Amino acid sequence: MRVIAVADYEEMSVLAAEMIEAKVRNQPDAVLGLATGGTPLGTYRHLVESAAARHLSFRRVKTVNLDEYVGIPASHPQSYHSYMKENVFDPLGILPENSHLPNGETLELTAECARYDKLIQELNSVDLQVLGIGQNGHIGFNEPGTPFNSSTHVVELTESTLRANAKYFKGEKQPVQAITMGIGTILKSKEILLLASGSSKKEAISALMSGIRDENVPATALVSHPSVTVIADSEALAVESKRV
Ligand code: F6R
């Protein structure tokens with residue numbers, strides 16, 4: 001695991017965008033695994049600006065998202081479909097037929113999970129998976145206790161995750177379930193880039209850096225993956241900023 005310590009959110013975002021851009025430049029038909037949430041927003045913003053400035057095409061890029069809420073329509077402003085369309089797909093020109101998220105609207109949830117894993121397999125797995133990290137160490141919506149060999153599945157969101165997400169729903173009734181790529185699915189990615197910013201991620205990052213795999217902290221599954229880069233800012237690392 002390579003850990004890159006940066007000063008702050010901005011530096012994390014610039015560096016992560018550069019890494020994604022380099023991947024697409026080297027492999028124009030790359031399969032990118034993408035996350036939502038607050039953490040990668042700056043990365044996506046820099047990627048959009050840089051791709052426009054340097055005429056980098058995303059027309060052949062394929063994307064698979066980590067997760068989607070169950071029970072809200074794709075058109076809901078807080079759905080991950082909407083987030084991706086607004087922040088990534090439209091501004092980068094990623095084609096609708098090349099961008100994939102779990103379908104949280106279906107009543108056939110088990111079949112949808114199987115479809116999603118099969119899709120990832122058919123894409124020959126993810127070339128570069130971008131991850132955020134939850135305060136409790138979750139990756140995707142894999143909450144503590146999720147087996148490290150899990151495939152795509154439906155989850156009941158924990159209290160801690162519901163609390164952290166409440167800000168996005170502003171008092172509106174929020175979804176209590178999601179479909180998420182499993183930890184086993186995530187581990188099949190060829191390369192993983194985990195981003196962490198802010199002191200609320202300190203404990204989760206410290207558990208990850210301990211190098212001990214522990215199913216109570218889902219992100220520690222990454223310890224066994226051969227190609228993981230963590231970009232974390234000084235608050236998430238709880239250290240004075242310096243590059244290591
Ligand atoms: C989102 C996702 C989640 C987030 C995590 C951190 O697709 O998979 O695991 O990465 O909840 O969220 P933020 O970035 O909002 O702190």
Side-chain angles (χ1 to χ4, degrees), residues 8-10 12-13 16-17 20 32-46 63-70 72 74 76 78-89 99-104 113 116 120 126 128-146 150 152-170 174-187 189 192-205 207-208 217-222 228 230-233 235-237:
D8 54 22
Y9 181 82
E10 186 62 13
M12 176 196 77
S13 303
I20 300 168
L32 301 179
L34 298 176
T36 56
T39 307
L41 275 176
T43 302
Y44 297 148
R45 186 168 39 81
H46 282 290
T63 65
V64 282
N65 265 76
L66 280 169
D67 39 25
E68 178 56 289
Y69 292 118
V70 168
I72 57 171
H76 188 287
Q78 291 306 326
S79 77
Y80 290 169
H81 279 79
S82 296
Y83 171 112
M84 292 305 294
K85 186 171 159 44
E86 181 185 337
N87 297 298
V88 182
F89 300 155
S99 52
H100 308 280
L101 289 96
N103 174 7
C113 293
Y116 207 65
I120 294 169
V126 170
L128 175 63
Q129 175 66 58
V130 178
L131 295 176
I133 185 168
Q135 294 172 23
N136 61 4
H138 73 225
I139 48 174
F141 270 129
N142 294 287
E143 301 287 8
T146 308
S150 52
T152 298
H153 59 283
V154 175
V155 290
E156 309 292 326
L157 305 181
T158 62
E159 275 306 314
S160 131
T161 299
L162 289 172
R163 257 198 316 277
N165 282 347
K167 60 179 181 287
Y168 300 119
F169 286 88
K170 300 194 176 77
Q174 66 187 99
V176 293
Q177 284 185 315
I179 297 179
T180 184
M181 264 190 214
I183 296 178
T185 319
I186 293 171
L187 289 177
S189 308
I192 294 177
L193 173 61
L194 184 140
L195 308 177
S197 170
S199 56
S200 67
K201 307 297 171 70
K202 208 161 60 179
E203 284 173 20
I205 289 296
L208 175 58
V217 187
T220 62
L222 303 180
V228 176
V230 176
I231 308 179
D233 71 8
E235 285 186 1
L237 284 167

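Both ligands and their constituent atoms are indexed starting at 1 by order of listing. By convention here, the first residue in the shown sequence is residue 1. On a predicted model such as this, the values are computed, not experimentally measured, just so you know.
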Tightest non-hydrogen contact, residues Val228 and Leu222, listed as CG2-O, 3.7 Å
The side chain to side chain contact (heavy atoms under 4.5 Å, CB included) partner of Gln129 among Leu193, Leu66, Thr185 is Leu66
Worksheet item: Between Ser199 (side chain) and Glu235 (backbone), is there a donor-acceptor pair under 3.5 Å?
Response: no
Between Val217 and Ala207, the two heavy atoms sitting closest are CG1-CB, 3.8 Å
| said: Below 4.0 Å from ligand 1: does a non-hydrogen atom of Tyr83 turn up there or not? | reply: no
Of all protein heavy atoms, the one nearest atom 15 (O) of ligand 1 is Gly38 N, 2.8 Å
Here the atoms of ligand 1 under 4.0 Å from any heavy atom belonging to Tyr168 are 15 (O)
Taken in chain and number order and not counting sequence neighbours, the residues that satisfy ring-ring contact (aromatic ring centres under 6.0 Å, His included) with Tyr80 are Tyr69
The answer for which part of Thr39 has a heavy atom under 4.0 Å from ligand 1 is both
In this structure, atom 10 (O) of ligand 1 is nearest to the protein heavy atom Gly132 CA, 3.3 Å
| message | Taking His100's backbone N and O only, do any of them form a donor-acceptor pair with Tyr116's side chain (distance below 3.5 Å, no angle check)? | response | yes
| Ignoring hydrogens and geometry, is there a side-chain-to-backbone donor-acceptor pair from Glu68 to Gly104 under 3.5 Å? | no
Sorted by chain and residue number, the ring-ring contact (aromatic ring centres under 6.0 Å, His included) partners of Tyr44 (sequence neighbours excluded) come out as none
Nearest non-hydrogen contact to atom 3 (C) of ligand 1 from the set Pro40, Ser197, Gly140 belongs to Gly140
* Is there a donor-acceptor contact under 3.5 Å from the side chain of Ser150 to the main chain of Gly182? -> no
re atom 16 (O) of ligand 1, the protein heavy-atom contact at minimum distance is Lys201 NZ, 2.7 Å
- Indicate yes or no: does an N/O atom of Phe141 lie under 3.5 Å from an N/O atom of ligand 1? no
At under 4.0 Å between heavy atoms, what of Ile133 touches ligand 1? The answer is backbone
Short version for Thr36: what comes under 4.0 Å of ligand 1, heavy atoms counted, is both
If you compare Gln135, His138, Met181 by their heavy atoms, the one closest to atom 5 (C) of ligand 1 turns out to be His138
among protein heavy atoms, the one nearest atom 8 (O) of ligand 1 is Asp67 OD2, 2.8 Å
A student checking ligand 1 against Leu66 at a 4.0 Å heavy-atom cut-off should list atoms 8 (O)
